[in-house]
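Here the structure is laid out as structure tokens; the discussion comes afterwards.
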Amino acid sequence: MCLLHAVLYCGVIQKENIIVVHVNHCLREQADSDELFVREYCNKNRIEFVAKRVDVNKHAAANGLTVEQAARNLRYDVFFDLIKHGKADVILTAHHALDNAETVLMHLFRGAGLDGLRGMVGGTIVRPFIEIYPEELDEYVNANNIKYVVDSTNFIDDADRNFIRLNVIPLIEQRYRGAVRAVNAFSRECGSVSDYLDGLFDLSCISHDGGAVLIAERALSTALAARYVRHALSEFSLVDITRGQIERVVQLAKMRTGAVVELTGGILAAKEYGYVSLYIPRNKFDGEIPIKMGANFIDGLAVDITADQPLNTGGRHVDLDKLNGAVLRFRRDGDVFTPSGGMRKKLKQFFIDCKIPKRLRDRIPLICRGNEVLVIVGYYVAKDVGITSKTWNSAAHKGAVTPRW
């Protein structure tokens with residue numbers, strides 16, 4: 001309410017350009033009355049008002065989050081949705097200097113690096129009060145007779161932020177007067193150092209492949225290794241990644257290819273060939289479909305089988321007559337493959353020999369007959385289904401099997 005009053009009377013933003021967004025977490029008995037309080041104020045002052053109700057408990061249970069984390073995620077989803085649909089340009093929040101100090105301490109205790117210790121950063125989110133302390137805001141509220149309501153859960157220390165606000169900071173302030181201001185000064189210094197390190201960052205060390213974020217192995221042997229990991233993980237919108245998990249990802253660069261560690265949020269980190277990949281695995285699809293000419297669809301992927309227009313597939317063309325009775329599926333235990341000019345071997349070993357990352361192997365479509373792999377779609381054609389002089393000189397069909405991702 002203090003922020004809304006300040007925005008209305010600062011003379012910089014016109015009333016018609018303001019949208020007040022109220023996210024009802026539906027967690028407290030007075031949640032609906034709080035929403036009504038804001039709605040009535042906006043109606044009285046002819047301000048556009050948007051209210052959204054979210055199921056925090058359901059989101060927390062489904063994603064393995066605390067209620068605090070889930071509420072934050074859903075709240076910002078609502079905010080950014082307005083920007084995504086062109087209804088707003090920026091988000092203004094009422095976070096103040098104490099909020100920033102609390103954030104810095106939470107990040108520090110969880111094992112954050114410099115980026116976490118810089119506190120709340122800007123971007124699309126603007127925090128006009130971030131350098132203003134609560135006592136100064138109280139003076140403004142009293143001087144302008146601003147009406148407001150109090151969230152009763154602010155006085156329950158079960159959530160991390162409340163625990164720090166109610167217990168940790170008062171105790172520290174008793175011993176070290178001005179500690180909160182010192183924390184904020186420290187966070188600004190961390191921000192300056194962080195910006196400097198960003199100038200040394202080699203963005204070519206971060207790439208994308210098949211839904212995964214890849215970190216070049218060479219980046220993980222530098223003094224900025226942890227920073228590269230944090231940068232890569234930021235693409236997954238994680239809040240509570242710990243220093244311990246960061247270090248486990250860095251250590252993967254020294255481990256054998258195929259080594260995997262599990263991170264928060266269902267993310268896996270895997271050592272690959274020259275990279276460490278970060279990805280969320282997809283459930284394996286175990287069905288199969290008979291192949292046909294034209295488009296074949298399996299678990300969201302399309303495989304085109306075309307005749308009379310032979311294209312190069314893994315160095316060989318396909319004799320389509322030799323695919324009769326085959327099915328399209330993904331890999332299974334016991335699959336074998338005989339490459340052109342090579343010996344018959346287990347498909348798993350063939351993938352290893354070809355340095356195909358483990359995370360991709362379950363999503364490569366295969367054309368098979370029994371446990372015999374005839375085509376590794378997008379990669380290789382088996383020896384027995386490749387074209388021969390007989391294919392070209394007879395009525396047999398020559399063609400191609402190509403993926404359409």
Side-chain angles (χ1 to χ4, degrees), residues 63-65 69 73 76 80 106-119 121-124 190-284 301 348 351-364 378-379 403 405:
N63 296 278
L65 303 173
Q69 293 166 345
N73 289 351
Y76 279 92
F80 284 115
M106 281 195 300
H107 289 175
L108 176 65
F109 298 152
R110 290 171 179 168
L114 277 175
D115 285 343
L117 298 181
R118 70 187 303 171
V121 295
T124 308
C190 287
S192 297
V193 175
S194 182
D195 290 340
Y196 171 77
L197 292 178
D198 281 342
L200 305 177
F201 208 73
D202 183 0
L203 290 177
S204 68
C205 290
I206 304 290
S207 57
H208 300 80
D209 176 62
V213 182
L214 308 184
I215 310 170
E217 191 174 318
R218 68 181 185 276
L220 298 176
S221 61
T222 70
L224 297 177
R227 192 169 191 82
Y228 280 103
V229 175
R230 292 183 193 281
H231 183 86
L233 284 170
S234 69
E235 303 201 23
F236 295 91
S237 300
L238 288 176
V239 175
D240 291 328
I241 190 71
T242 65
R243 183 183 297 276
Q245 293 188 72
I246 296 288
E247 291 175 351
R248 290 174 68 194
V249 177
V250 172
Q251 289 302 314
L252 271 176
K254 302 176 183 178
M255 300 174 69
R256 60 175 177 79
T257 299
V260 176
V261 298
E262 186 172 347
L263 307 177
T264 188
I267 297 173
L268 297 184
K271 171 65 183 298
E272 296 184 358
Y273 304 95
Y275 299 91
V276 167
S277 67
L278 303 169
Y279 63 98
I280 298 176
R282 179 170 175 152
N283 291 334
K284 186 175 180 179
L301 301 178
K348 177 181 178 180
F351 279 159
I352 294 173
D353 294 344
C354 295
K355 297 185 176 181
I356 296 175
K358 184 184 294 186
R359 64 183 163 80
L360 297 178
R361 297 172 194 171
D362 287 337
R363 292 293 291 166
I364 298 175
Y379 291 89
W405 310 113

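Counting from 1, the numbers follow the sequence of the chain as shown. Worth knowing before you read on, the calculation uses all heavy atoms, side chains too, and leaves out hydrogens, waters and symmetry mates.
Taking CD1 of I356 as the start and NZ of K348 as the end, the distance is 14.0 Å to the nearest 0.5 Å. If you take CG on D115 and NE2 on H231, they are separated by 10.0 Å, rounding to the nearest 0.5 Å. Between atom CG of residue L114 and atom OG of residue S192 there is a gap of 10.5 Å, rounded to the nearest 0.5 Å. Between atom OG1 of residue T257 and atom OH of residue Y275 there is a gap of 13.0 Å, rounded to the nearest 0.5 Å. How far CZ of R218 is from OG of S204: 4.5 Å, rounded to the nearest 0.5 Å. Between the CG atom in L263 and the CD1 atom in I246 there is a gap of 8.0 Å [rounded to 0.5 Å].
Y279 and A212 make their closest contact through CB-CB, 3.8 Å (heavy atoms, listed as atom of the first residue, atom of the second, distance). In terms of heavy atoms, L252 sits closest to V260 at CD2-N, 4.3 Å. Closest of all the heavy-atom pairs between I352 and Y273 is O-OH, 3.6 Å. Contact detail for A253 and E217: the closest heavy-atom pair is O-OE2, 3.8 Å.
Between R118 and D195 there is a salt bridge, with a side-chain nitrogen of the basic residue lying less than 4.0 Å from a carboxylate oxygen of the acidic one.
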Hey, mind stepping through V229 and V276 against side-chain contact (heavy atoms from CB on, under 4.5 Å) and telling me if it holds?
CA-CA 9 Å; V229 175; V276 167; over 6 Å; no

Exercise for the section: Apply side-chain contact (heavy atoms from CB on, under 4.5 Å) to Q251 and V261, showing your working. Expected result: CA-CA 10 Å; Q251 289 302 314; V261 298; over 6 Å; no

(request) Start with the C-alpha gap between V213 and H208, add the side-chain angles, then the distance that decides, and say whether side-chain contact (heavy atoms from CB on, under 4.5 Å) holds. (result) CA-CA 5 Å; V213 182; H208 300 80; 4.0 Å; yes

Which is it for L214 and I206 under the side-chain contact (heavy atoms from CB on, under 4.5 Å) test, yes or no, and what are the steps along the way?
CA-CA 6 Å; L214 308 184; I206 304 290; over 6 Å; no

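No donor-acceptor pair closer than 3.5 Å links the side chain of R359 to the backbone N or O of P281. Looking only at distances, a side-chain donor or acceptor of Q245 sits under 3.5 Å from a matching main-chain atom of T264. For R256 (side chain) and K271 (main-chain N/O), no donor-acceptor pair under 3.5 Å exists by modelled atom type. Using a distance-only test at 3.5 Å, with no hydrogens or angles considered, no donor-acceptor pair links the side chain of Y228 to the main chain of V250.
Around OH of Y196, the count of heavy atoms belonging to other residues, nucleotides or ligands within 6.0 Å does not exceed 12. The neighbour count for K254 NZ, taken as heavy atoms of other residues, nucleotides or ligands under 6.0 Å away, does not exceed 12.
Residues F351 and L360 fail the side-chain proximity criterion, which asks for heavy atoms closer than 4.5 Å.
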